[in-house]
Amino acid sequence: MSPQLEQFQKAKPRIDFILSYTTLNMFSGPRKNCFLICLFITINSLFFSLILLHLKNTKCFELSFNSLVTLLTFFATIGYGLRIFVGFFKKEKNEILLKNTEDLYEEQEEDEELEQILRRHSVDSLKIFQICYRWGIYIYFVGGFLCSFYFRFNEDYGLMYELPFIASDNFKDHILWKEFSYIVQNIFYMNLTTSTILLDIGILFLGLQLIAELNILNDFMKLLNEKIIIEPKFLSRIVKRHCSVIENFNLLSEITSESPIVQLFLTFVALLFGMTFLITYAKGFGNYGIIICGGGLGLPLCILGQIIQVKADNLSETLYQTNWHELSLKDQKTFLIVLGMAQREYGLKAAGVYDINLYTFVQIIKIAFSYCAVLYSLSQ
């Protein structure tokens, strides 16, 4: 067994859990995965219902810290539900892309130099995935705890949900009842943040494998002039590998076409609300937390799209630097095909229209700032 395949087999349980979770394919894996997926979805569904009840029972709606965070949480739960719903219908594409990824790790090269390239990029992508998986869950789990903990000791925030059929006039002023309500809210927020980051990590894993393929293809192209002397069909292998990259890129684009719209919309709303309240309450710690968390909703996906775009652009630059004029006439014709494929525009798109990269993220920040500036001028 190759080292990269061995590493993949070690990480396979986590990969299967995340992809089963993002596609609601809970009954084909271990019972533990089924239980965790059902637990995440049940708690978030209950949280959504209780937030909706809280908004419905608000007799006089006033824009305050409580209403702001409640609305943001309400939008976050809707976004979570939409992403789960869309992922369910992308189950087949996820399975195909995972199968293509497994084939990449099972691949072996007789040439030692090519084998090192294959091993290095495959193993590196798994290491990055495992780091993001471990620390992403830790950070968002702790973040959800600290967020709800801050709400408990700040009178301006309070509770963002209601528990029907449980509250009683005889116990509502009892200290144990008050603490119980905040403990339940704490559990809701920790579950929401953890289950949401798992969806992002699932997309991140698929994106990392595409980046690894792009890196492998780029390094293979750098060795074109050297390897084609030893192996005359080396250029044909590059064409085949490039076709695999295009296929996996199309699959990833179809899988992630709807998620960026939800994430970027939530990013805009969170930044707009946070900066609007920051104008009035500059010392409010919660505002800065909302802005940071709001920016964090869409930033990872924009970074992933930017990296894919840069790596794909490097393919054509690498080909231009090869001594293509030294190839045979037949290989030169094949080279033109490869060059045309490399000049194709790569990049994640929201709904297949809007580019997902750092420029898009900056534009969202600018629009949010512009709206806040207009609101501030009108308030003066």
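What's counted below: heavy atoms across the whole structure, side chains too, no hydrogens, waters or symmetry copies.
- N186 places no side-chain N or O within donor-acceptor distance of the main-chain N or O of Y182, the cut-off being under 3.5 Å.
- Taken from CZ in F129 to CD1 in I201, the straight-line distance is 7.0 Å, to the nearest 0.5 Å.
- Ring-plane geometry between Y161 and F47 is classed as perpendicular, the angle between the planes exceeding 60 degrees on a 0 to 90 degree scale with a lower cut at 30.
- Between K56 and E162, none of the side-chain N atoms (NZ, or NE/NH1/NH2) sits under 4.0 Å from a carboxylate O, so this pair counts as no salt bridge.
- The distance from the CD1 atom of I37 to the OG1 atom of T23 is 7.5 Å, given to the nearest 0.5 Å.
- Here the CG-CG distance, from L210 to N100, works out to 11.0 Å after rounding to the nearest 0.5 Å.
- When the side chains of ILVMFWY residues are joined at heavy-atom separations under 4.5 Å, either directly or via intervening members, I96 and I18 end up in a single hydrophobic cluster.
- A single hydrophobic cluster is not seen to contain both V86 and L266; linkage of ILVMFWY side chains at heavy-atom distances under 4.5 Å, directly or through other members, places them apart.
- Annotation: side chain of Q130 is in contact with side chain of R14 (closest heavy-atom distance under 4.5 Å).
- I261 and Y359 are members of different hydrophobic clusters when ILVMFWY side chains are connected at heavy-atom separations under 4.5 Å.
- Sequence neighbours left out, the pairs with a member in residues 64-88 that pass salt bridge (Lys or Arg N to Asp or Glu O under 4.0 Å) are R83-D200.
- Closest heavy-atom contact between F17 and L198: CE2-CD1, 4.0 Å.
- Contact between E106 and L5 at its shortest, heavy atoms only, is CG-CD1, 3.8 Å.
- In this structure, I15 and L98 approach most closely via the heavy-atom pair CG2-CD1, 3.9 Å.
- Here the closest heavy-atom approach between residue T77 and residue I51 is recorded as CG2-CD1, 4.4 Å.
- Within the 4.5 Å cutoff, the side chain of Y133 has no heavy atoms near those of the L204 side chain.
- Put simply, L252 and V310 are part of two different groups of oily side chains (I, L, V, M, F, W, Y) that touch within less than 4.5 Å, one to the next.
- Side-chain atoms of S257 come within 3.5 Å of backbone atoms of E254 as a donor-acceptor pair (strictly under, hydrogens ignored).
- Across T194 and I197, no two heavy atoms sit closer than the pair O-CG2, 3.0 Å.
- Between the side chains of T360 and N357, at least one donor N or O sits under 3.5 Å from an acceptor N or O.
- Each of F205, Y105, F8 was scored for a side-chain contact (heavy atoms from CB on, under 4.5 Å) with S125, with one residue passing: Y105.
- With hydrogens and angles disregarded, no donor-acceptor distance shorter than 3.5 Å links the side chain of N191 to the backbone of I187.
- Under the salt bridge (Lys or Arg N to Asp or Glu O under 4.0 Å) criterion, the residue pairs touching residues 238-249 are E107-R241, E109-R241, with sequence neighbours excluded.
- Remark: K311 NZ is loosely packed, at most 12 non-hydrogen atoms of other residues, nucleotides or ligands lying under 6.0 Å away.
- No side-chain heavy atom of I78 sits under 4.5 Å from any side-chain heavy atom of V262.
- Note that NE2 of H54 is 8.0 Å distant from CG of L159, once rounded to the nearest 0.5 Å.
- In this structure the side chain of L114 reaches within 4.5 angstrom of the side chain of F234, judged on heavy atoms.
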**Study point:** From CA spacing to verdict: side-chain contact (heavy atoms from CB on, under 4.5 Å), F361, I303
**Key:** CA-CA 9 Å; F361 183 76; I303 293 176; over 6 Å; no

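- Y80 and L39 fall within a single hydrophobic cluster, where Ile, Leu, Val, Met, Phe, Trp and Tyr side chains are chained together by heavy-atom contacts under 4.5 Å.
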Check your understanding: Would S195 and N44 satisfy side chain to side chain donor-acceptor pair (under 3.5 Å), going step by step from the backbone distance to the final call?
Key -> CA-CA 9 Å; S195 56; N44 284 328; 2.8 Å; yes

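- The distance from atom OG1 of T256 to atom NZ of K93, rounded to the nearest 0.5 Å, is 12.0 Å.
- Of the possible polar contacts, none joining the Y189 side chain to the T73 backbone as a donor-acceptor pair under 3.5 Å is found.
- Counting heavy atoms from C-beta on, the side chains of Q209 and N248 never come closer than 4.5 Å.
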Exercise for review: I would like to know whether L299 and L358 meet side-chain contact (heavy atoms from CB on, under 4.5 Å); could you show each step before the answer?
Suggested key: CA-CA 8 Å; L299 183 58; L358 290 178; 4.1 Å; yes

Exercise for review: Evaluate the criterion side-chain contact (heavy atoms from CB on, under 4.5 Å) for residue pair I356 and L264; output intermediate values, then yes/no.
Suggested key: CA-CA 9 Å; I356 303 300; L264 293 178; 3.6 Å; yes

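- The shortest side-chain heavy-atom distance between K99 and E95 does not fall under the 4.5 Å cut-off.
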Practice item. Check the pair L55 / L71 against side-chain contact (heavy atoms from CB on, under 4.5 Å), numbers first and verdict last. Key: CA-CA 8 Å; L55 292 173; L71 286 173; 4.3 Å; yes

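- We find the CG-NZ distance between L235 and K227 to be 15.0 Å, quoted to the nearest 0.5 Å.
- Taking the side chain as every heavy atom from C-beta outward, L24 and F85 never approach each other to under 4.5 Å.
- Nearest approach of T193 to Y140, heavy atoms of both residues: OG1-O, 2.9 Å.
- Put simply, the side chain of Q185 gets close to the backbone of M160: a donor and an acceptor are under 3.5 Å apart.
- Within the 4.5 Å cutoff, the side chain of N218 has no heavy atoms near those of the L214 side chain.
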